[in-house]
Undergrad: 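Once you've had a glance at the structure underneath, I'll fire off some questions.
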Amino acid sequence: MGNALRELRLERGWTHEEAAAAMGVSRGQFIKLERGERGLTERTIALAARAFSVLPSRVIGEGTSAMGERQTPAPTLPQPNATIPDQAEAVDPGVFRGPRNVPVYGTGSGGDGGDFSFNGQLIDHAPRPPGIANRKDVYVVYLVGDSVAPAYEDGSPIYVDPHRRPAPRDYVVVELRGERDGEPGPAFVKRLVSRGAGKLRLEQHNPPEQLEPIDEADVVRVHRVIPWPELIGI
């Protein structure tokens, strides 16, 4: 299928880079389309028509040429601000993960009143997503149990912020005091309902219920679980 991409580009005095950006494709993909090395599709015809403000028939060369009377341009539409990579261009997923420098703390089997207990060991390092690139003291634990499924499943890594005070409806890691000083107490991940008057009120999803209020005096820490949109910077 022939096309008028080169003619349209030259009419506007655009470089290959400028034309590709207007269409929202890579420079390499645009050049292949312009040369006819890659056939036009309905999608690329529509992208070109919008980029050059012409009818689709002009893009495929069925409109009048530059020597004749031009067709009435289509209404100008907002230009795309994203570049779609050429299928031949490999995308490195590592850029989305970040450096592996978030500590992962080990947990032990849960006992009465808890899903797990911290064992105090650093067992690994997890990738640092872009949304927490500069967040201090963030750590990761692997969830034990399915009491907050489907929000977080058993075995899922959860990123925890020990500094930002949790708000109602946040998921939290709660650790209670151990029976003896120096011993880890029971811990669990739940959803915060409220906190005040010396009481911590939590709920879970599986089975759905609100737990009995916990005395703040029995709590060692309440740390906020960072939601996934925040981790990736949304």
Side-chain angles (χ1 to χ4, degrees), residues 93-111 113-179 181-234:
V95 300
F96 303 109
R97 292 196 294 265
R100 296 186 67 92
N101 60 9
V102 180
V104 179
Y105 294 122
T107 58
S109 299
D115 296 329
F116 60 88
S117 61
F118 288 96
N119 64 16
Q121 294 181 354
L122 174 64
I123 62 172
D124 199 359
H125 285 87
R128 181 177 293 271
I132 59 168
N134 300 310
R135 198 80 59 90
K136 293 183 178 181
D137 302 325
V138 171
Y139 64 91
V140 168
V141 294
Y142 288 99
L143 183 63
V144 177
D146 59 359
S147 65
V148 290
Y152 296 96
E153 302 285 352
D154 181 37
S156 299
I158 57 174
Y159 286 73
V160 186
D161 185 348
H163 297 305
R164 180 170 170 179
R165 183 176 175 83
R169 300 185 64 79
D170 281 340
Y171 290 93
V172 291
V173 174
V174 178
E175 183 181 10
L176 304 181
R177 297 190 184 282
E179 294 183 0
D181 289 343
E183 288 187 356
F188 38 78
V189 176
K190 304 295 179 189
R191 197 173 196 178
L192 180 63
V193 175
S194 65
R195 189 177 189 181
K199 296 290 185 180
L200 186 67
R201 294 172 175 82
L202 307 166
E203 66 181 4
Q204 64 181 33
H205 304 322
N206 188 28
E209 63 177 338
Q210 185 166 320
L211 308 183
E212 290 292 327
I214 300 173
D215 290 332
E216 289 271 15
D218 296 329
V219 177
V220 175
R221 55 180 150 182
V222 181
H223 289 172
R224 175 177 175 267
V225 175
I226 306 172
W228 289 109
E230 186 177 326
L231 287 173
I232 61 176
I234 296 178

Undergrad: Please answer whether the main-chain N or O of His125 pairs with a side-chain N or O of Arg100 as donor and acceptor at a distance below 3.5 Å.
TA: yes
Undergrad: For a side chain to side chain contact (heavy atoms under 4.5 Å, CB included) check, start with the C-alpha distance between Val225 and Asp170, then their side-chain angles and the critical distance, and finish with the verdict.
TA: CA-CA 7 Å; Val225 175; Asp170 281 340; over 6 Å; no
Undergrad: Looking only at heavy atoms, which two atoms of Pro227 and Tyr152 are closest? And how far apart?
TA: CA-OH, 3.8 Å
Undergrad: From Arg224 CZ over to Arg165 CZ, what is the distance, rounded to the nearest 0.5 angstrom?
TA: 13.0 Å
Undergrad: What pair of heavy atoms forms the shortest contact from Pro129 to Pro127, and how long is it?
TA: CD-O, 3.2 Å
Undergrad: Kindly state each residue pair satisfying salt bridge (charged side-chain N to carboxylate O under 4.0 Å, His left out) with at least one member in residues 146-162, sequence neighbours excluded.
TA: Arg135-Asp161
Undergrad: Quick check: are there more than 12 heavy atoms from other residues, nucleotides or ligands sitting under 6.0 Å from CZ of Arg164?
TA: no
Undergrad: Can you check whether Val173's main-chain N or O pairs, donor with acceptor, with Arg221's side chain at less than 3.5 Å?
TA: no
Undergrad: Hey, are the side chains of Phe188 and Val148 touching, using non-hydrogen atoms and a 4.5 Å cut-off?
TA: no
Undergrad: Please answer whether the main-chain N or O of Asp218 pairs with a side-chain N or O of Arg177 as donor and acceptor at a distance below 3.5 Å.
TA: no
Undergrad: Let me confirm one number: the CG-CD1 distance from Leu176 to Ile214, rounded to the nearest 0.5 Å.
TA: 5.5 Å
Undergrad: What pair of heavy atoms forms the shortest contact from Pro166 to His223, and how long is it?
TA: CG-C, 4.3 Å
Undergrad: Please find the pair of heavy atoms, one from Gly185 and one from Ser117, that lie closest to each other, and give the distance.
TA: O-CB, 3.6 Å
Undergrad: Does some side-chain heavy atom of Ile234 sit less than 4.5 Å from a side-chain heavy atom of Trp228?
TA: no
Undergrad: Name the orientation class of the two ring planes belonging to Tyr139 and Tyr105 (parallel below 30°, tilted from 30 to 60°, perpendicular beyond 60°).
TA: tilted
Undergrad: Which residues pass the side-chain contact (heavy atoms from CB on, under 4.5 Å) test with Leu211, sequence neighbours left out?
TA: Lys190, Leu202, Gln204, Glu209
Undergrad: For the atom pair CD1 (Ile123) and OH (Tyr142), what is the distance rounded to the nearest 0.5 Å?
TA: 6.5 Å
Undergrad: Can you spot which of Val193, Val172, Val174 makes a side-chain contact (heavy atoms from CB on, under 4.5 Å) with Leu200?
TA: Val174
Undergrad: Can Lys199 and Asp215 be counted as an ion pair, charged N to O under 4.0 angstrom?
TA: yes
Undergrad: Which heavy-atom pair separates Ala126 from Val140 by the least distance, and what is that distance?
TA: CB-CG2, 4.0 Å
Undergrad: Taking atom CG of Asp115 and atom CG of Leu143, what is their separation to the nearest 0.5 Å?
TA: 7.0 Å
Undergrad: Roughly how far, to the nearest 0.5 Å, is CD of Glu203 from OH of Tyr171?
TA: 7.5 Å
